[in-house]
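Right, one structure below, let's go through it.
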Amino acid sequence: MCGIVGVVGRDAPVDLNAAISSIRDRGPDSRGEFIGPGVAIGHTRLAIVDIDDRSNQPFVSDDGRWALAYNGEVYNYPELREELESLGYAFTTTGDTEVVLQALLAWGTAAFRKFNGMWAVALYDSADHHLILSRDRFGVKPLFYRSVGEGLAFGSTCGAIALATGLPLRPSITATTDFLLTSSCAWTGQTWFESIHEVPAGHFLEWKGGHHIIGRYYHLEGQQAADPEDLAELFMDSVKIRLRSDVPIGVCLSGGVDSSLILAAVSRLGGVVTAYTVRSDGLPTSEHRRAEQFAKSLGIATVTVDESVDQFDLKDFIDLTRTLEGPSASPAILPFSKLMAAIKLDGHSVALDGQGADEAFMGYLERTAPYEIAYNLRNHELAKAAASIRALASFLPLGAAAAYTLRCWLPGAFSTYQRRRGIGLAMGPSLDARHVPLNPRPQWASGAACASQKLVTQSLPSLLRYSDRLSMRHAVEGRQPFMDYRLMELGIGIDPSLHMTNGRSKALLRQLGMGMVKESEVFARPKLGFPTPVANWMDNREVEHYVLGSKAVEVQIIDGPGVARLFRKARKGESAALSVALFRVCGVAAFWNEYG
């Protein structure tokens, strides 16, 4: 895990040194640069595999022609190395960086389809003045770019690009509007800033002679139907290859299905890890005792991180917004950042977590069941529709179940309500919601599978964004076994009815866990998220004063009287959703204070 930044096709960057320094948190172990005619590339390294200096970057080929700056891990590098050696390629290191370089020289952009991992790659050809950028299949690793005349700047952060080019960052009004209305920041190719784009997940970019093109090497949709019998083998292999590391590994353990399943697999594989869980005092949903008990049953050491969440730490929140380079809709960013800080303080630079399981294996029953109900009704599968209705009704109160169903079935009506009665009250005259398209309704023909694909392509990128930025803020490499493309394809490709049994989501994962350990009670419990008392956080005069005094109000991005009205409604307890909406508004205020 590392940080990269560079400029090609123009004179030397304004300040490459400052740009590299700005991403030092992502790679505190070493820094390097590659400078030549019309090119300047910088790199900061977090040494995980082959920690010797010989694998420092930018990694340059023996003949000096090719320079590679690479962030992430390609977990199947031993297998790729063996294949490349059979083709006559030789190696001087033992890690994955040289394998990535040789693979690109051997197979070109077709190599990306062979990689199993997470990556943001920049490969420069000094002889041909040709640049290739690539991002992993689901966008676990960030990769931004900006056209600069006939040149191109790229980097792991937008701030690094700004320093490398000397061009300021300007917040995007369109992105702000979209985020307030939908809570999403998953814009294909777009970012929080004007003129800065991101290489889309599953794509590569080629630049040469002042022009660039973008190609796609991966499609999640259209994959073949999957066999649930393959789940156990694929999951164990996914965990196994993510244990490849030359530094100690931790596991984030929430007490839920996903992280417990990962820890069980690590135990079965004989991995040496430490489990980390969070104790949230004062919250009845804190699962730390169950997490500790489960880890103990596996003989795995546990570190419990004490976290006081009853009060909102506004200063920390502002710092996190700066790290994220934009707002987040998830209150979990605060406890997650504290967890990563504790893992690093304990001497671990790698942490496994369960990101991706909910999206691929229908963990969000309230978001997937309505689509499955509609699909089965449309196809006269009344028994299956009834089963989905029972599952949803047993998971949520009737009113909430009805609200989620209408939100999925009538997205246009929900968006209109948001504009007129909900978060729209906070939107100032500088924002025009009419320019934001209504949330599209997925095609009923694909049922819950369509809903899962929507979660993977729209909801998951927002989660991956904060997971990467906040783990790397503390120089911890986050690894997600469920993000293995083989598991994502399997989860999406399985008959949706297999994911729901007796009102429980993620049925296949629960069954897998129950077959792996004796202490299987954890796999029978309902889903809980990171416990965060966001309603208490927003019932805070300091937060309200901060928002009302922000630059976002000054430039009419946020409507002051409208926000004040939302705060009053939230304090009266009119709707739990209002507090979550105000958390978004607070994020927008912090973002515009920093960059507006």
- Reported CD-to-CD distance for the pair Glu73 and Glu477, which is rounded to 0.5 angstrom: 4.0 Å
- Measure the CD-CZ distance between Glu194 and Arg170 for me, rounded to the nearest 0.5 Å. 7.5 Å
- Query: If we ignore angles and hydrogens, is there a donor and acceptor under 3.5 Å between the side chains of Glu33 and His43?
  - Reply: no
- Message: Whether the Arg31 and Asn17 side chains hold a donor-acceptor pair (N or O, under 3.5 Å, no angle test) is what I'd like checked.
- Response: yes
- Closest non-hydrogen atom pair, Tyr124 against His129: OH-ND1, 3.0 Å
- Task: Could you tell me which non-hydrogen atom of Ala103 sits nearest to which non-hydrogen atom of Ala111, and how far apart they are?
- Result: O-CB, 3.7 Å
Do other residues, nucleotides or ligands put more than 12 heavy atoms under 6.0 Å from [X] [atom1]?
X	atom1	result
Ile51	CD1	no
Lys344	NZ	yes
Asp62	CG	no

- Before giving the answer on salt bridge (charged side-chain N to carboxylate O under 4.0 Å, His left out), spell out for Arg244 and Asp96 the whole-Å C-alpha distance, their side-chain angles and the decisive distance to 0.1 Å. CA-CA 10 Å; Arg244 291 171 172 172; Asp96 61 332; over 6 Å; no
- Item | Heavy-atom check, side chain of Thr97 versus side chain of Leu101, under 4.5 Å | no
- Message: Between Phe59 and Trp66, is the ring centroid distance below 6.0 Å?
- Response: no
- Item | Between Phe482 and Phe235, ring centroids under 6.0 Å | yes
- Message: Within 45 degrees of the ring normal and closer than 6.0 Å to the centroid, is that where the cationic atom of Arg113 sits relative to Tyr217?
- Response: no
- Classify the ring geometry between Phe591 and Tyr595 as parallel (under 30°), tilted (30 to 60°) or perpendicular (over 60°). tilted
